[in-house]
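To start, the structure under review is shown below, and the notes come after it.
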Protein chains: 2
Amino acid sequence: MISERKKKILAAVIDEYVRTAEPVGSKAIASKAGLGCSSATIRNELAELVSLGYLEQPHTSAGRVPTPMGYRMYVNELMEKQRLSLEETEDINRRMNQKLRELDDTISDVSRLASQLTDYPALALTTRTAVTIKRFDIIYVDANTFIIVVMLSDNTVKNKLVKLPVSVDQKLVQRLSALFNSGFTGITEEAVTPLLINSTERAADDTMGVTSVIAAFAIEVLTEAQTPTASISGENRLLSQPEFRDPDKAHRLMGYLSGGGYILPPNESMDAAGEIKVLIGPENVAEELKDSSVVIATYDAGDNTKGMIGVVGPTRMDYSAVAAKLSILAAGLSRRLGSGEAPPEGMHNKLIIKGDTGNE
Amino acid sequence: MISERKKKILAAVIDEYVRTAEPVGSKAIASKAGLGCSSATIRNELAELVSLGYLEQPHTSAGRVPTPMGYRMYVNELMEKQRLSLEETEDINRRMNQKLRELDDTISDVSRLASQLTDYPALALTTRTAVTIKRFDIIYVDANTFIIVVMLSDNTVKNKLVKLPVSVDQKLVQRLSALFNSGFTGITEEAVTPLLINSTERAADDTMGVTSVIAAFAIEVLTEAQTPTASISGENRLLSQPEFRDPDKAHRLMGYLSGGGYILPPNESMDAAGEIKVLIGPENVAEELKDSSVVIATYDAGDNTKGMIGVVGPTRMDYSAVAAKLSILAAGLSRRLGSGEAPPEGMHNKLIIKGDTGNE
DNA sequence: ATTAGCACTCGAAAGGAAAGAGTGCCAACA
DNA sequence: TGTTGGCACTCTTTCCTTTCGAGTGCTAAT
């Protein structure tokens, strides 16, 4: 266990370091933190915090800098769960309200918003599982052309224009429309078997292979709907961070991010919605992120739609503020994407912060 | 007029400078360019090229660097119109073939591809004008719900799920579907007048305001289809350029770009498809681009669909290679987006390079 | 246990010298 | 008249040394 005073000092070091990006010395802490003792005392404590592994010195005669372990301690126990002022919260919600259209647009809008709010690169991801088709329609345009319209279990609608090299009878299209609407609705992608397709083809008396075209579209739509959509915004904001003044370093990370780099540890699924996850420096799996930090909020929009929204930055990050903002964004997404209409606002979900507490 | 030898020397300076990013001296040129004269002669010529304004010296005892005017001369007259090898051309076409889905996806895929090929940030933009509705369908789902499906003049299909707070008779929906299909097809957005909406409402005997909902969607679709779509990729590639080693400078430009900064001079419209436009340094209108260059290829995909694809980089840019690659991309887009099916490959459009020849 | 004091360390900043690339110009030359 | 070798000159880049100062660690006093 670590003494109360050490905690206060550690917190003070981190706060100051986050603010200034410079190693912080004993004097600065003595004058700032409200603990009534001199810089010499602080020096002793600091030395111990170094040997405990929470802080380190760039070199013998410099101030102290938090280690990842120090940040971890800070995030887990020390940091005051920041609550944004009411205005800030309302501002975020207002800005989110303006931006609600199609899911795919929403996801990129929200990542852009997250980046704007935090001034770090932001990244949003949505996954849907167990999507089924709710309704199937085929609109006959002309003998070679028809439009397939599919309504999915999450009430999104997809369509496709199909042009065939051969002429098709309108009656056949009608029969197929009916058959698909009864046979292909309510089932998941795996249930679309060749067997099912074959029997549909026979039932429709389809000799021209139209059935398989439509079935292919059904599979495509289901697959696509279940393919995670991701969006990254504001990579350039990395450049305003002093730790990325080295263009090579910045380039490496930005390249990784815009290449769709995976942020989440693969084993950790996005279950617990409403939680905030913090990954500090070496806790990240990706080599490119080993000296950066990631803060992620997950949300659950119902209909098997889940997602995360997160930001990436240097380990010297204002975890508290970022977590608070992401939390509001995630809660907003859960509400809005979920029920279609927004429940009463103003309630944030509570800020449960969780991280990789494992060995380090 | 400028002597033949000066042209050769200027071209040599630019080639070398583009390659190395270092001021180039008389000796390097003497040994490289195949004109049989000594470095002293070259020095004299260089001095004249400086006073003519094509070159400049960073400081008295340094080599020469091209001015924007020098680049302009190079692009207009000196540069050999580079033809890519057959393999390269085929490679690009192949990679383009893999990426053809929805228009919105295509546009971002192609900008990504352009960025990969040139190693500069790339930007693509598509505009459509005079879009009309070709076909109008309304699918009745239940008493409160229906799906509007609209097929546009460029054969894209849009849909929307509408939920009403009131119950609607299926007959009314059918009547509206027919009315819209006759009254709202083949007309542009401006032709959708309140008058037309009103008369449709009366003709359908609609007392529940459904007509206006559908009309609103029609307007929305037409507006959206005519809103230019833009996409930027590979901003981070800027960081590999020596002239953007200064993070602040890089940040400024990247911020401008990802903020959807306008690249084209507003007065110049995207008419002449197949042309390549080069804007060098101060020829750009945007303050943020005054010391960068932009190369743009335009394409015409028929159906009033036009667009551009371009890259942004330092004025020290391999204009020739970039122009050649963009040209192939633009030609590919014209072919593919246009007719729906690709005409014979292997023909590039010719490389007409045009730029701001005005005062400078 | 805390604190004042002080010698010590080490990086960052400032100054200066040397190196080197490249020019400009002059005088010789074809 | 255009070209060339030669050479002094200029200016940046690099490297070394010195100085400066922030911050420490330790000791002795409280």
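Naming: A, B, ... by sequence-line order, numbering from 1 per chain. Worth saying up front: this structure is predicted, and the values here are computed from it rather than measured.
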How many Å lie between [atom1] on [X] and [atom2] on [N], as a whole number?
| X | N | atom1 | atom2 | answer |
| --- | --- | --- | --- | --- |
| A:E48 | D:dG25 | CD | P | 12 Å |
| A:I29 | D:dG23 | CD1 | P | 11 Å |
| B:E45 | C:dG22 | CD | C1' | 18 Å |
| B:L55 | C:dG24 | CG | P | 11 Å |
| A:H59 | C:dA12 | NE2 | C1' | 9 Å |
| B:K27 | D:dG5 | NZ | C1' | 11 Å |
| B:R5 | D:dG2 | CZ | P | 10 Å |
| B:N44 | D:dG2 | CG | P | 11 Å |

I want to verify a distance call: between [options], whose nearest atom is closest to the [X] side chain?
| X | options | value |
| --- | --- | --- |
| B:A40 | D:dT24, C:dT3, D:dT4 | D:dT4 |
| A:Q57 | C:dC10, D:dT24, D:dT4 | D:dT24 |
| A:R64 | C:dC10, D:dG25, C:dT23 | D:dG25 |
| B:S38 | C:dA4, D:dT3, D:dG5 | D:dG5 |
| B:T60 | D:dG5, D:dT10, D:dG25 | D:dT10 |
| A:L46 | D:dT12, D:dT24, D:dG25 | D:dT24 |
| B:T41 | C:dA4, C:dT9, D:dT3 | D:dT3 |

Exercise for the section: Determine the contact category for B:A62: base if any of its heavy atoms lies under 4.0 Å from a base atom, sugar-phosphate if only primed atoms, P, OP1 or OP2 are that close, otherwise nothing. Expected result: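 The residue B:A62 makes sugar-phosphate contact but no base contact.
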Practice task
Check every strand shown and say whether A:S26 touches a base, only sugar-phosphate, or nothing at a heavy-atom separation below 4.0 Å.
Solution key: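 Result for A:S26 = sugar-phosphate.
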Handout entry: Short side-chain to backbone donor-acceptor contact, A:N284 and A:S293, under 3.5 Å
Key =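 Here the side-chain-to-backbone pair does not exist.
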Practice task
Indicate yes or no for a side-chain donor-acceptor contact from A:T118 to the backbone of A:A114 under 3.5 Å, with no hydrogens or angles considered.
Solution key: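 Checking the backbone N and O of A:A114 against the side chain of A:T118, a donor-acceptor pair under 3.5 Å is found.
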Handout entry: Option among B:V18, B:V24, B:I14 that satisfies the side-chain contact (heavy atoms from CB on, under 4.5 Å) test with B:P66
Key =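 That would be B:I14; it is the only one of B:V18, B:V24, B:I14 passing the side-chain contact (heavy atoms from CB on, under 4.5 Å) with B:P66.
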Handout entry: Pair B:Q116-B:R237, side-chain donor/acceptor within less than 3.5 Å
Key =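 No donor-acceptor contact under 3.5 Å links the two side chains.
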Exercise for the section: Would you kindly compare B:C37 and B:S61 by the position of their nearest DNA chain D nucleotide and give the one closer to the 5′ end? Expected result: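 Counting from the 5' end, the first nearest nucleotide belongs to B:C37.
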Exercise for the section: Answer yes or no: is there an ion pair linking B:E56 with B:R64, defined by an N-O contact shorter than 4.0 Å? Expected result: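 Salt bridge between B:E56 and B:R64, a charged N being under 4.0 Å from a carboxylate O: no.
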Problem - Side-chain donor/acceptor of B:R43 to base of D:dG5, under 3.5 Å - result: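 There is none.
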